[in-house]
Structures are given as C-alpha cells and as structure tokens.
Amino acid sequence: MRSAAVIGTGLIGTSVALALTGHGVTTYLLDRDPEAARTAAALGAGLAATPRAPVDLAVVAVPPAHTASVLKEYQQRMVARFFTDVASVKTRPLMDAASAGCDLTAYVGGHPMAGRELSGPLAARADLFQGRTWVLTPSAFSRAEALHHATELIELCGGRPVIMGHAEHDRAVALTSHAPHMMASLLAGRLLGAETAQLRLVGKGLRDATRIAAGDAALWADIIGSNAGPVARVLAQLAEELGAVVAALRELDDSAARPGGKGAADLLAALARGEEGRSRIVAAERPADAARAAR
C-alpha cells in the first residue's frame with residue numbers, strides 16, 4: 001500500500017492515519033470539519049487535502065449511522081480504489097450501503113477492537129491497534145483484492161485480522177462492548193444523586209467499572225442504537241438476572257429470613273457465575289499472549 005485516505009479524523013481515524021504515515025504510506029485526511037483534519041495533520045497523521053488521483057484504500061471512520069452515506073459519497077468522487085470502515089456495527093452499514101447503491105465489490109467492513117474513553121484527534125495514538133483484534137466482515141460481493149487491502153491495513157496498524165460474519169460480529173460486540181458500555185453508563189448515572197461524602201469513598205473498583213461511561217454520549221447512542229436488537233437481548237437477560245439478585249437481597253434483608261436460605265444461595269450463585277465468567281476472559285487472552293511472546 002502506497003497511498004490511503006482517512007475519512008473522519010476522530011480518535012480512530014487519526015490513529016489509523018498516524019500508523020499508516022509512520023510506515024511511509026502517503027495518507028490524506030478528510031473530514032466534514034476542516035479544523036479536525038488540520039489538527040490531525042499537525043500531529044503528523046498526513047495531509048489535510050483531497051487526493052488528486054484514487055488512492056489504494058480509503059478508511060471510512062465515521063459513526064455507523066453515517067457510514068453508508070459517506071461510503072457512497074466518496075465512491076462517487078473516486079477517492080480510492082477500495083474502501084473499508086471502522087464502524088462498531090456491521091449489519092446496518094452493509095444494508096444501508098446496499099440500499100444506497102454503493103459498490104460493494106470494492107468494500108470490506110472492518111472494526112478494530114481498540115479505543116479510549118477520550119475522543120477527537122488529540123486523543124489519537126499510532127500504537128492504538130498494536131496487538132489488538134481487528135474484525136473484517138467481507139460480504140458475498142467483496143472482491144479478493146479489497147479484502148487484501150483491508151488486511152494489509154490491519155498489518156500496518158499492528159492489529160490481528162479476524163474474519164467474521166456481519167450478524168455474528170454484532171452479536172459478539174453486543175455482549176462484549178455495547179451492553180457493558182450501557183451498564184457502565186447506568187451505574188455512573190446513579191452517582192448524580194450521590195452526596196459529596198459518598199463520592200469521597202469511591203475506589204478503584206467503581207472507577208474501573210464506570211471508566212467507559214466517560215465516552216462521547218452522542219457517539220455511543222449512535223453505536224448502541226445501530227445494534228439495538230442484539231444489545232436489547234443481552235440487557236434483557238441481565239435485567240432478569242438482576243431481578244433475581246434483588247429478590248435474594250430483599251429476602252436476606254428480611255429479619256425473619258432463615259440463615260443460609262434461598263436468598264443466600266442465589267446471591268452466592270450470582271457472584272460465583274461472575275467469577276467463573278471473568279476467568280474465561282483471562283483464558284481466552286492466553287493463546288494470543290503466547291503467540292505474541294513467540295514472535
């Protein structure tokens with residue numbers, strides 16, 4: 001890859017551009033907000049200009065609800081030979097792109113599993129994707145050359161490419177990213193009514209549990225809303241389990257409750273499931289850690 005364009009110079013787009021520029025790829029920065037593109041350029045992410053000839057690959061780095069319209073616009077402007085995106089949802093952008101008449105043969109969906117609770121080009125880092133999973137979701141129409149360019153992009157950014165289906169991806173991120181963000185936001189929202197004396201007791205646990213709630217609310221409303229069905233199913237299951245925990249706690253709060261009864265057993269079971277589930281994250285990370293150590 002010798003040339004690229006990044007359309008949308010927020011955190012992810014600018015981080016992609018920094019990584020590409022660092023590998024000698026001539027990178028053009030395009031944004032609805034010219035000041036954002038100029039800021040990214042000042043950071044060394046590339047050139048705040050439109051390429052005079054089609055580049056090898058354009059990366060559409062805008063929220064999911066706008067991915068298809070931006071893809072259509074820049075395909076019509078022939079900014080690049082091939083296109084990918086970094087949207088956190090994959091099914092809706094593909095359906096929207098098909099409805100808009102985009103050239104799906106030149107397009108491969110993508111989603112780097114990396115980010116920060118900060119936003120904007122000033123939060124970007126060239127190493128943001130180093131060692132991180134980067135999902136690619138080629139459609140039945142995607143040409144092999146388009147997939148090749150998207151894979152090369154990931155390698156230049158230091159990521160690990162993984163191929164998934166669109167619906168499979170959306171179900172996965174509903175569980176691992178979107179529902180957790182919603183839960184973090186709900187938990188953090190409870191602090192709005194907290195007294196100052198209570199807030200002084202906040203420790204690392206609550207800080208960790210609510211860290212991602214600091215993310216841009218408008219952006220996350222777009223992301224979660226674009227994956228509404230899968231997220232709703234995960235949250236519905238959580239609501240059912242939370243209801244069982246509430247019932248257990250109310251039983252334990254009853255002075256007439258029998259020690260070691262159902263309430264205590266249900267509470268212990270919920271905590272034990274959490275402990276076991278958390279251990280699966282660690283176990284899943286170990287093969288990747290071993291592979292990186294071998295390299």
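Just so it is clear, the structure is predicted and the values come from calculations on it, not from any experiment. Side chains included, hydrogens not; waters and symmetry mates left out as well; all remaining heavy atoms used.
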Shared hydrophobic cluster, V59 / L156 (ILVMFWY, side-chain heavy atoms < 4.5 Å):
yes

Minimum heavy-atom separation for L20 and A4, please, with both atom names.
CD1-CB, 3.8 Å

Would W134 and C157 count as a side-chain contact (heavy atoms from CB on, under 4.5 Å) if you check the C-alpha gap in whole Å, the side-chain angles of each, and the deciding distance to 0.1 Å?
CA-CA 10 Å; W134 191 316; C157 290; 3.7 Å; yes

Using a strict 4.0 Å threshold on nitrogen-to-oxygen distance, state whether R81 and E145 make a salt bridge.
yes

Is I154 reachable from V86 through a run of I, L, V, M, F, W or Y residues, each pair having side-chain heavy atoms under 4.5 Å apart?
yes

Which value, rounded to the nearest 0.5 Å, describes the distance between S185 atom OG and I224 atom CD1?
6.5 Å

Step through the shown structure and confirm whether more than 12 heavy atoms of other residues, nucleotides or ligands are within 6.0 Å of CD on E275.
no

Search all heavy atoms of A114 against all heavy atoms of L128 and return the closest pair with its distance.
CB-O, 3.5 Å

Under a 4.5 Å cut-off applied to non-hydrogen side-chain atoms, are T27 and S3 in contact?
no

Closer than 3.5 angstrom, by distance alone: can the side chain of E168 be matched with the main-chain N or O of G165 as a donor-acceptor pair?
yes

Worked check of side-chain contact (heavy atoms from CB on, under 4.5 Å) between L267 and L252:
CA-CA 9 Å; L267 177 61; L252 289 170; 3.8 Å; yes

Does R38 come within less than 4.0 Å of E35, counting only side-chain N to carboxylate O?
yes

Restricting to salt bridge (Lys or Arg N to Asp or Glu O under 4.0 Å), what partner residues turn up for R250, sequence neighbours left out?
none

Do V6 and L11 sit in one hydrophobic cluster, given that two such residues count as connected whenever their side-chain heavy atoms are within less than 4.5 Å of each other, even indirectly?
yes

Which distance, rounded to the nearest 0.5 Å, do you find between the OG of S142 and the CZ of F82?
10.5 Å

Decide whether L30 and M1 are clustered together by the hydrophobic rule: side chain heavy atoms of Ile, Leu, Val, Met, Phe, Trp, Tyr closer than 4.5 Å, transitively.
no

R160 side chain to T133 side chain, donor-acceptor N/O pair below 3.5 angstrom:
yes

Donor-acceptor under 3.5 Å (S279 side chain, E276 main chain):
yes

Out of curiosity, R125 CZ to Q130 CD, how far, rounded to the nearest 0.5 Å?
10.5 Å

Check whether any side-chain heavy atom of H111 lies under 4.5 Å from a side-chain heavy atom of V173, and answer yes or no.
yes

For P121 against T14, the heavy-atom pair lying closest together
CB-OG1, 3.5 Å

Looking only at atom types and distance, does a side-chain atom of D170 sit under 3.5 Å from a main-chain N or O of T91, one as donor and one as acceptor?
yes

Worked verdict on L136 versus V162 for side-chain contact (heavy atoms from CB on, under 4.5 Å):
CA-CA 6 Å; L136 290 177; V162 173; over 6 Å; no

Keeping D222 on the side-chain end and A65 on the backbone end, is there a donor-acceptor pair under 3.5 Å?
yes

What's the spacing between Q76 CD and D103 CG if we round to 0.5 Å?
11.0 Å

Give me the atom names and distance for the closest heavy-atom approach of S88 to H169.
O-CE1, 3.3 Å

Please examine the side chains of R273 and E241, heavy atoms only from C-beta on, and report whether any two atoms are closer than 4.5 Å.
yes

What heavy-atom pair brings L57 and F83 nearest, and what distance separates the two atoms?
CD1-N, 3.8 Å

Using the rule that two of Ile, Leu, Val, Met, Phe, Trp, Tyr join whenever any of their side-chain heavy atoms come within less than 4.5 Å, decide whether V60 and V89 are in one cluster.
no

Can you check whether A248's main-chain N or O pairs, donor with acceptor, with D266's side chain at less than 3.5 Å?
no

As an exercise, state the distance from CG of L187 to CG of L206, rounded to the nearest 0.5 Å.
5.5 Å

Please check if the side chain of S15 supplies one atom and the backbone of A126 the other of a donor-acceptor pair under 3.5 Å.
no

Kindly give the heavy-atom pair with the smallest separation between L94 and S139, and that separation in Å.
CD1-CB, 4.1 Å

Looking at side-chain heavy atoms only, is the closest gap between V55 and R2 below 4.5 Å?
no

Side chains of I7 and L71: does their closest heavy-atom pair fall under 4.5 Å?
no

So if I apply the side-chain contact (heavy atoms from CB on, under 4.5 Å) rule between T9 and each of L29, D33, L43, which one comes out positive?
L29

Might you work through the side-chain contact (heavy atoms from CB on, under 4.5 Å) test for T67 and R92, ending with a clear yes or no?
CA-CA 9 Å; T67 297; R92 177 176 171 179; over 6 Å; no

May I ask you to test the H149-T84 pair for a side-chain heavy-atom distance under 4.5 Å?
no

Side-chain contact test, heavy atoms from C-beta onward, threshold under 4.5 Å: evaluate it for T151 versus L147 and give yes or no.
yes

Could you tell me whether D85 and K90 have a side-chain N and a carboxylate O separated by less than 4.0 Å?
yes

Hey, can you tell me if H181 and W220 have their rings parallel, tilted or perpendicular (30° and 60° cut-offs)?
parallel

Can you tell me if M113 has over 12 outside heavy atoms packed within less than 6.0 Å of its CE?
yes

Applying salt bridge (charged side-chain N to carboxylate O under 4.0 Å, His left out), run through E73 and R77 and close with a yes or a no.
CA-CA 6 Å; E73 176 186 348; R77 292 171 59 176; 3.2 Å; yes

With rounding to the nearest 0.5 Å, note down the distance linking CD1 in I223 to OG in S226.
8.0 Å

